[in-house]
Amino acid sequence: MSQFNPKEFENKWKQQWLSEKLYKTPTDKTKKKFYSLYSFPYPSGAGLHVGHVEGMVANDIVARYYRMKDYNVTLPMGWDSFGLPAENYAIKTGIHPHDSTEEAIKTFIDQIDRLGISVDWDKEVGAHRSDYYKWTQWIFLQLYKAGIAYKAVAPVNWCPKDQTVLANEQVINGLCERCDTPVEQKEMSQWFFKITDYADRLYDDLDKVDWPQGTKQMQRNWIGRSEGTTVRFAVNAGSKQVNSFDIFTTRVDTIFGCTFTGIAPENKVLTEIKEHITNWPQVEEYITQARNKTDLQRQTEKDKSGVKLEGVVAINPFNSNEVPIYVVDYVLNTYGTGSIMAVPAHDERDMEFALKYDIPIIPVLKPKSEEYISYVSRKWSNDFNKFLNQIAEFNPIYLKKTQEEVLFKFKAEFIDKYIDYASKSVEGKSAWHDAVSESEVVVIFGSDKAEFSGVDIARIPKFMSDENIWIKMKDFEESIRQYSNIWTMYYNSEYREKICPALTDGITINSGDFSDLSAADAAVKMQEWLKSKELGNKKTNYKLRDWLVSRQRYWGCPIPIVYDPEGNAHAIDEKDLPLLLPTDVDFKPTGESPIKSSESFKKLAEEKYGKGWYFEADTMDTFVDSSWYYFRFTSTDDQNQWAISEEMNYWLPTDLYMIGAEHTVLHLMYSRFFTKFFFDQGVINFDEPFYKMRHMGTILGPDGRKMSKRWGNVINPNDEVEKYGADTLRMYEMFMGPLEEPKPWNDRTESGVFRFLSKVWNTNAKVQENVQKSAEQAKIVNRLVKKITDDIEILSFNTAVAKFMETLNSLNEFDSIDKQAWLTYVKVLAPFAPFITEELWNLNGQQSTIHTQSWPEYNAEIDIEEQVTIAVQVNGKLRATFNIEFDSQESNVVEKAMQMESIKKFVTTEPKKVIYIKNKLLNIVV
RNA sequence: GCAGCGGUGGUGAAAUGGUAUACACGACAGACUUAAAAUCUGUUGCACAUUAGUGCGUGAGGGUUCGAGUCCCUCCCGCUGUACCA
């Protein structure tokens with residue numbers, strides 16, 4: 001037989017499968033179904049990349065497997081074909097996005113077919129084609145009718161270079177995600193989808209789906225649900241109440257520690273109380289300043305700033321204390337109520353602000369058990385080593401330990417000894433020790449004192465009700481600067497944790513009637529109290545914002561809205577859809593939508609609706625297109641509705657969804673939102689679209705870096721198919737490592753896979769009917785069937801490939817191979833390497849295609865070993881192995897083990913215990 | 001900071017709490033060859049030892065267990081995401 005040369009047959013089979021429509025989606029609904037979905041690819045001019053191949057092959061293997069298991073299988077493919085790259089390309093070259101996109105799609109289809117991905121092309125859709133975006137527009141109208149799509153003037157992120165609005169999600173560290181230009185804020189009238197209505201369900205229903213934990217967590221973080229309380233603070237001018245405002249907090253249990261309140265610069269409460277603010281000009285200047293800052297500036301400026309409102313104070317409803325009101329830019333107007341109660345003792349940001357502006361810091365929680373923390377340096381000890389030896393009896397926990405300095409924790413019971421040792425250790429003016437606990441600060445000075453009422457040891461309680469320890473400590477620093485740098489300890493994070501513990505389960509102190517409670521109990525009681533006084537309520541807040549869908553771009557789906565001459569929005573009648581994207585436009589970005597330059601678009605509106613009427617000129621975010629394509633796939637034949645309920649209810653939710661790890665938040669969130677919307681409309685009977693979802697791990701370049709033109713490490717799948725054939729590329733990508741892990745490309749390993757397939761090819765020459773030892777071979781292949789079946793179910797493709805290799809090596813130990821065993825081997829290999837297996841199937845004289853054969857069954861009855869290897873351990877250490885009959889009695893196993901020299905020498909006395917794991921292991925404990 | 005994932009040979013990586021390193025790559029030795037490539041065979045965790053063998057080994061340190069890469073605690077490192085969200 002000839003050498004393995006995939007070029008000789010891959011193209012032949014590709015043509016035949018396509019012309020026979022081998023992968024056509026069945027239309028009957030009598031069987032179980034499997035919906036294998038690959039994420040909507042953007043048809044880039046660069047063609048398919050190796051990451052696409054990885055995901056598609058995974059989808060394909062599973063699809064082929066379920067077809068052989070006699071499921072109804074669908075593996076559809078379509079194009080997320082609207083979007084900026086094609087438009088930017090058009091601006092550069094003048095080639096219309098429609099033309100470049102269709103061209104790119106052709107390349108994609110050709111590449112996907114060459115890889116043998118079993119796509120049902122009858123279901124192909126393209127977001128940019130009017131038979132698709134007609135329904136995107138229709139969906140917009142449904143959302144509009146339901147009050148979910150709405151128009152609002154809002155400050156939006158504006159990229160001055162791309163001349164477009166960006167969603168919050170497209171702003172990375174204040175920079176445009178595409179061109180890294182600093183993003184500006186701009187007020188514009190924009191369309192939004194009210195996704196926030198669904199925040200709770202989007203959060204809770206994550207429990208229903210089988211997704212990677214990390215992705216679920218990211219979705220939860222993005223929604224950012226937090227449960228808390230609103231509290232109403234009165235605003236007094238003089239002694240008279242003039243107004244009030246609500247704050248939002250998740251830690252109402254710390255409210256007795258509130259020593260100031262913070263209001264966001266944009267908060268409208270400020271204008272309401274403006275007349276009472278005696279330093280308004282100063283405040284106004286600060287507000288203007290803060291507003292002019294871009295997001296980037298606000299983020300990079302770590303230093304917190306604010307202005308105190310003079311003439312007004314806020315009243316803490318719990319103790320009627322007057323607390324100052326500050327306008328501060330670290331409070332966000334868009335979250336919660338836009339104002340906070342600040343508790344510096346238990347919030348790092350508030351602490352920082354309080355230290356800067358000399359605001360009192362009152363601790364109101366203490367931990368359940370007390371410890372001291374101390375920092376000691378060799379420099380300030382007269383005998384550092386002796387001191388270290390002494391404190392060893394405290395069982396200290398070292399947070400930091402070097403030759404020169406230690407930072408350690410110890411239990412409160414040792415404090416007197418500590419003071420004793422420390423007093424002896426310090427010597428001279430510049431020496432000092434200190435220890436800080438939750439309730440006191442102990443400072444031991446080797447000074448000739450004076451400043452400290454004549455003592456060398458200062459024990460300062462932290463929870464003095466009338467005074468504030470931190471202010472006092474600051475005073476110390478003024479007077480003892482020459483002795484110590486104690487102030488620096490505020491900036492040591494270890495200390496700070498002790499000083500302002502972020503306690504969730506502490507005990508309340510300094511909290512009036514609510515003292516001596518656990519934090520959780522205090523919160524409940526305080527909430528009840530607030531409710532009874534009508535001063536506050538439980539409240540849930542979200543980080544999630546409504547979805548801004550307007551884009552001032554050409555290459556997208558037109559928004560189906562028309563305006564009358566007064567500028568009022570009207571929905572376009574459904575029967576007038578699609579509202580076609582005009583072609584006579586100037587792409588050049590001007591800051592306005594390019595579509596505004598279209599004469600035909602203007603004319604169409606006036607002809608249809610009357611003079612002065614005009615269409616919405618913005619297009620939709622392309623995430624709208626990709627949020628519903630998996631519905632459309634179920635019903636592509638039907639031109640009269642967006643999708644058929646019966647089809648959707650049968651095929652969805654998807655059984656395997658492969659998407660890149662970069663799509664962990666937006667696409668999935670939006671798709672889930674649409675699904676819930678249609679569920680609520682009664683159109684579908686499921687409310688999560690993707691049951692099982694997995695990410696393919698990024699494939700890195702051979703140098704271990706991310707593939708990029710910049711590094712010149714991009715692997716093009718075309719080249720690999722050219723070199724080794726599609727089967728090798730497929731199997732290599734599956735063999736690289738676990739599907740979800742990032743993994744570097746390795747040419748050598750790839751050629752190893754080619755070598756394996758060549759061996760498969762050559763082994764075929766040894767195949768005969770009725771060979772000797774065929775039972776033994778059947779047993780080997782039977783085990784393969786089990787492993788491959790299991791591995792496909794759990795998507796463990798790398799171990800499946802290893803098993804194919806191992807099994808082939810075993811079979812090749814025989815001089816001739818049994819045909820039945822061999823055909824089984826080829827069948828289970830078929831989903832992984834569809835071309836070579838089809839060819840071998842054919843060469844062995846089999847009828848029809850291998851890809852519609854039924855999946856071999858694992859036979860447990862023949863899978864028995866006559867002999868098993870028993871590992872013998874003594875005290876858990878492996879000392880010997882021996883073979884014995886399958887399912888031997890324990891006593892026989894023990895007896896045989898005890899006769900072995902290598903065991904005898906370790907077992908000199910009667911064993912204390914013997915543990916026997918059947919057919920596997922014997923552990924003798926002596 | 002926070003969240004998620006991960007750390008095992010020279011490399012990619014295997015391992016329901018039960019013989020750590022399957023499978024592959026590379027390396028080394030040999031066969032074939034005038035030679036090379038390809039192919040085939042053997043060896044390949046580390047250390048000591050001529051052999052037999054012994055000891056050590058899954059980021060570090062503890063714990064649970066007859067037995068831990070796997071479970072628990074503390075910590076270190078890397079990657080990804082995210083961040084004034086009260």
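Labels below follow one simple rule: chain letters A, B, ... track the order of the sequence lines, proteins then strands, and each chain is numbered from 1.
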Under-4.0 Å side-chain N/O to phosphate OP1/OP2 contact, [X] with [N]:
X	N	result
A:Tyr335	B:A86	yes
A:Asn798	B:G12	no
A:Ser226	B:A86	yes
A:Arg251	B:A86	no
A:Arg755	B:U39	yes
A:Lys920	B:G18	no

query = Does A:Thr664 or A:Ser751 map to a spot on RNA chain B nearer the 5' end, using the closest nucleotide for each?
reply =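 Nearest-nucleotide comparison on RNA chain B picks A:Ser751.
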request  = Please figure out whether A:Lys543 or A:Gln217 has its closest RNA chain B nucleotide nearer the 5' end.
outcome  =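 Upstream on the strand: A:Gln217.
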[X] [atom1] to [N] [atom2]: how many Å, rounded?
X	N	atom1	atom2	result
A:Lys803	B:A15	NZ	C1'	13 Å
A:Lys743	B:G6	NZ	P	13 Å
A:Ile788	B:C23	CD1	C1'	12 Å
A:Arg748	B:A37	CZ	P	12 Å
A:Lys759	B:C23	NZ	P	11 Å
A:Ile917	B:C66	CD1	C1'	9 Å
A:Glu741	B:A14	CD	C1'	13 Å
A:His663	B:G4	NE2	P	23 Å

Pick the [atom1] atom in [N] and in [M], then give their distance to the nearest Å.
N	M	atom1	value
B:U16	B:G12	C1'	25 Å
B:C76	B:A60	P	15 Å
B:G7	B:G57	C1'	16 Å
B:U64	B:C73	C1'	11 Å
B:U44	B:A24	C1'	14 Å

If you check every side-chain atom of [X], which of [options] has the closest atom?
X	options	value
A:Met805	B:A24, B:G18, B:G6	B:A24
A:Glu806	B:C5, B:A14, B:C23	B:C23
A:Asn746	B:A24, B:C25, B:U19	B:C25
A:Phe248	B:G18, B:A86, B:G6	B:A86
A:Ala802	B:G6, B:C25, B:C23	B:C23
A:Leu921	B:A3, B:A86, B:G18	B:G18
A:Met218	B:G6, B:A86, B:G81	B:G81
A:Asn923	B:A14, B:U16, B:G67	B:G67
A:Leu878	B:A86, B:C40, B:A20	B:A20

Answer yes when [X] and [Y] have at least one side-chain N-carboxylate O distance shorter than 4.0 Å, and no when they do not.
X	Y	answer
A:Arg694	A:Asp210	yes
A:Lys743	A:Glu54	yes
A:Asp791	A:Lys803	no

Indicate, with a heavy-atom threshold strictly under 4.0 Å, whether [X] touches base, sugar-phosphate, or nothing.
X	answer
A:Pro738	sugar-phosphate
A:Asn809	sugar-phosphate
A:Lys877	sugar-phosphate
A:Phe735	base
A:Gly224	nothing
A:Thr881	base

key: Which nucleotides of RNA chain B pair, in dot-bracket form (Watson-Crick or G-U under 3.5 Å, | meaning another strand)   = (((((((..(((.....[....)))((((((.......))))))((((....))))..(((((..]....))))))))))))....
ask   = Can the positive tip of A:Lys786 be found less than 6.0 Å from the middle of the six-membered ring of A:Tyr858, inside 45° of the ring normal?
value =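 Yes, cation above the ring, under 6.0 Å and within 45°.
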Determine whether a donor-acceptor pair (N or O, by modelled atom type, separation under 3.5 Å) exists between the side chain of [X] and the backbone of [Y].
X	Y	result
A:Asp546	A:Thr196	yes
A:Arg225	A:Ile223	no
A:His695	A:Glu740	no

ask   = Taking syn as any angle within 90 degrees of 0 and anti as the rest, which one fits B:G26?
value =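 Here B:G26 takes the anti form, which means its glycosidic angle is more than 90° from 0.
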Scan nucleotides 45-54 of chain B against the protein and return all N/O pairs shorter than 3.5 Å with their distances rounded to 0.1 Å.
{"from": "B:U54", "atom 1": "OP1", "to": "A:Lys905", "atom 2": "NZ", "distance (Å)": "3.4"}

Classify the ring geometry between [X] and [Y] as parallel (under 30°), tilted (30 to 60°) or perpendicular (over 60°).
X	Y	result
A:Tyr326	A:Phe260	perpendicular
A:Phe804	A:Phe756	tilted
A:Phe248	A:Tyr335	perpendicular

query = Can you tell me how far OG1 of A:Thr763 sits from CD1 of A:Ile817, rounded to the nearest 0.5 angstrom?
reply =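 With rounding to 0.5 Å, CD1 (A:Ile817) is 6.0 Å from OG1 (A:Thr763).
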task = Assess whether one donor atom and one acceptor atom, taken from the side chain of A:Lys304 and the base of B:C84, lie less than 3.5 Å apart.
result =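 Present.
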inquiry  = Using salt bridge (charged side-chain N to carboxylate O under 4.0 Å, His left out), reason through A:Asp350 and A:Lys304 one step at a time and then give a plain yes or no.
reply    = CA-CA 9 Å; A:Asp350 298 345; A:Lys304 301 191 177 358; over 6 Å; no
CA sep, side-chain torsions, deciding dist, call: A:Thr799, A:Ser796, side chain to side chain donor-acceptor pair (under 3.5 Å) = CA-CA 6 Å; A:Thr799 52; A:Ser796 179; 2.6 Å; yes
